[in-house]
Amino acid sequence: MTAEQQRHQQQLAFAASGAELEIGSAADCPLPLEQLVITDADSPWVRQHFSAGLTAEVYRIEAGDRHWTLKRARQRCKVQNVDGQTSFLNELQHRADIQRLKAGPGGFERFAALVDTQYASYRRGVLLSPWIAGKPVQDWTERRLLQLFDCLRALLLEGLFEWDLCPGNILDDGRIRLFDFGYMYRFDPLRHFNSNGTATPQFHGAERFETRHYFAHLMTLERQSETRALAALRLEKQITLDTYRQLQMDLAQRGASPVVLDWLAAICAGWQRALQGDLEDLYLEEAWRSHWLDLHDDLGGQTCTPLTLARIDWLESALHQRQADLRRLQVLETPGAGEDFREQLRLARQQASTWQVGG
Ligand SMILES: Nc1ncnc2c1ncn2[C@@H]1O[C@H](COP(=O)(O)OP(=O)(O)O)[C@@H](O)[C@H]1O
Ligand SMILES: [Mg+2]
């Protein structure tokens with residue numbers, strides 16, 4: 001059984017068991033729990049309602065002189081797979097881990113980017129956090145990238161792998177904040193690459209950010225100028241390279257296996273080589289990978305948006321204009337797959353148009 005199947009089995013069993021998972025105490029809620037569980041868009045304490053959420057209803061509420069975020073689990077999740085359907089339970093499990101880490105030595109500082117959990121109950125379907133008065137990140141400055149990767153490195157060291165670093169899951173209120181852990185899974189950082197064990201080495205912390213987020217941002221920059229997009233990739237790569245070198249040292253000190261250390265060393269060596277040159281090949285390679293993977297993520301969950309279509313545009317145009325480079329970089333591995341990719345993208349466009357979710 002794969003690590004993923006094992007997780008699904010355990011989480012589905014937990015869901016069926018009737019057992020409760022609670023974080024904090026209902027007495028710490030700024031409103032009586034009975035009121036929180038019946039909250040809807042018309043409740044007098046609601047200031048804002050985020051209806052775009054796929055797994056939960058999210059409300060900004062005002063209570064006890066401050067603002068909070070209340071996440072209420074949906075009866076039926078809109079994501080069409082087990083990961084989506086267990087994501088509320090999953091989020092609570094890892095919120096519990098995060099609260100423990102924050103309470104440990106130096107934890108408050110090291111995990112400052114992760115939102116606190118004021119109270120949560122799986123059976124009552126509520127999750128309450130302080131409201132973050134921030135904005136989504138439009139401009140990835142050095143400070144923001146450093147804060148994000150500091151946080152990711154700390155999480156990876158503790159064996160927590162965050163898969164969904166999409167634009168809707170990162171805010172900045174003077175510092176970078178993460179608050180949505182529906183797709184955060186545990187793994188053994190000394191032996192495994194991510195929560196799939198050693199089966200999928202292509203997925204790692206920097207890759208997740210690039211795939212879910214950064215290359216969509218770079219796609220916007222490309223429209224202004226390719227030089228700006230390349231400069232933004234250079235900035236990010238310098239920071240990811242430093243981050244991974246530090247991570248590798250920390251993991252080595254903790255006795256990580258050669259499999260993990262060599263894998264990180266190879267990733268670093270590739271980035272280092274690219275940083276010494278003009279970065280154009282790395283850009284093409286990673287942009288293709290990011291758009292391709294994220295497209296399939298959206299298709300897999302049947303959760304497509306206008307961004308999904310923009311990614312298809314990018315892939316089609318790369319296939320048209322940069323086919324020779326893509327082949328030289330072995331991005332299009334299968335022989336004669338050129339036509340195949342075109343056909344796959346045509347199909348993907350059809351599906352992505354059908355599976356647009358409310359935004
Ligand atoms: N603690 C918070 N502070 C401010 N905004 C938040 C907070 N939690 C969620 N949000 C807002 O609500 C949206 C949906 O919440 P999120 O936890 O990402 O749920 P989902 O699982 O539906 O993606 C976020 O994109 C963000 O805009
Ligand atoms: Mg989210």
Side-chain angles (χ1 to χ4, degrees), residues 11 23-24 28-31 36 39-41 45-64 66-96 98-99 102 111-122 125-138 148 151 161-185 208-209 211-213 216-217 294 297-298 300-308 357-359:
Q11 289 181 330
I23 303 173
D28 297 331
C29 291
L31 280 178
L36 289 181
T39 297
D40 62 23
W45 49 91
V46 168
R47 295 288 164 268
Q48 205 176 345
H49 174 211
F50 297 83
S51 51
L54 299 174
T55 62
E57 295 280 348
V58 177
Y59 303 93
R60 172 183 183 176
I61 66 170
E62 188 175 351
R66 50 179 298 192
H67 288 208
W68 306 87
T69 303
L70 172 67
K71 210 169 179 176
R72 282 190 59 207
R74 280 185 194 280
Q75 289 303 324
R76 269 191 90 256
C77 158
K78 286 195 204 169
V79 185
Q80 307 293 327
N81 56 35
V82 183
D83 277 337
Q85 281 139 22
T86 51
S87 78
F88 191 73
L89 170 60
N90 190 65
E91 169 145 34
L92 263 54
Q93 290 177 328
H94 299 105
R95 291 265 191 156
I98 290 166
Q99 289 301 100
K102 284 191 161 206
F111 299 100
L114 308 177
V115 77
D116 282 323
T117 302
Q118 180 74 10
Y119 177 73
S121 156
Y122 176 60
V126 301
L127 169 53
L128 190 71
S129 306
W131 170 257
I132 302 160
K135 289 196 161 56
V137 179
Q138 305 286 351
L148 176 71
C151 172
F161 193 91
E162 174 52 57
W163 286 85
D164 191 8
L165 294 165
C166 71
N169 288 343
I170 302 182
L171 288 170
D172 188 329
D173 65 348
R175 70 159 357 278
I176 287 292
R177 306 270 181 191
L178 305 183
F179 49 86
D180 179 357
F181 310 110
Y183 294 89
M184 173 182 274
Y185 303 125
R208 285 290 80 203
F209 170 63
T211 295
R212 295 295 282 146
H213 199 149
H217 165 66
D294 202 57
D297 220 42
D298 288 353
Q302 302 192 4
T303 51
C304 299
T305 65
L307 177 59
T308 321
V357 292

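Read the numbers this way: they start at 1 and go in the same order the structure lists the ligands and their atoms.
- With hydrogens and angles ignored, the 3.5 Å screen pairs a side-chain donor or acceptor of W68 with a backbone N or O of A63.
- Here the options are V58, T39, L36, the test is side chain to side chain contact (heavy atoms under 4.5 Å, CB included), and the partner is R72; only T39 passes.
- For R177 (side chain) and A112 (main-chain N/O), a donor-acceptor pair under 3.5 Å exists by modelled atom type.
- Partners of D294 by salt bridge (charged side-chain N to carboxylate O under 4.0 Å, His left out), not counting sequence neighbours, listed by chain and number: R212, R311.
- At least one donor-acceptor pair under 3.5 Å links the side chain of N169 to the backbone N or O of D164.
- Contacts between F50 and ligand 1 below 4.0 angstrom, taking non-hydrogen atoms only, involve the side chain exclusively.
- Within ligand 1, counting atoms from 1 as listed, the ones closer than 4.0 Å to a heavy atom of P130 are 1 (N).
- Shown here are the side-chain contact (heavy atoms from CB on, under 4.5 Å) partners of A120, two or more places apart in sequence or in another chain: I23, L92, T117, L127.
- Contact annotation for V58 and ligand 1: only side-chain heavy atoms (C-beta onward) come within less than 4.0 Å of the ligand.
- With a 4.0 Å cut-off on non-hydrogen atoms, S87 does not touch ligand 1 at all.
- Listed by chain and number, the residues in a salt bridge (charged side-chain N to carboxylate O under 4.0 Å, His left out) with D180 are K71 (sequence neighbours excluded).
- Within the protein, the number of N/O/S atoms found under 2.8 Å from the Mg ion (ligand 2) is 2.
- Short contacts between ligand 1 and L171, defined as distances under 4.0 Å to a heavy atom of the residue, involve ligand atoms 4 (C), 5 (N).
- Among the candidates W163, Y185, Y183, the single residue satisfying the side-chain hydrogen bond (donor to acceptor under 3.5 Å, both in side chains) test with D83 is Y185.
- Here is the list of ligand 1 atoms found below 4.0 Å of a heavy atom in N169: 18 (O).
- Remark: the backbone N or O of H67 is not paired with any side-chain donor or acceptor of R47 at under 3.5 angstrom.
- Between V115, T69, L70, D180, it is D180 that holds the heavy atom closest to atom 16 (P) of ligand 1.
- Contact annotation for K71 and ligand 1: only side-chain heavy atoms (C-beta onward) come within less than 4.0 Å of the ligand.
- The structure places OH of Y119 at 10.0 Å from CG of L128, a figure rounded to the nearest 0.5 Å.
- An N or O contact shorter than 3.5 Å links G168 to ligand 1 by distance.
- Remark: side-chain polar atoms of N90 are paired, donor with acceptor, to backbone N or O of G182 under 3.5 angstrom.
- On a distance-only criterion, A56 and ligand 1 share no N/O pair closer than 3.5 Å.
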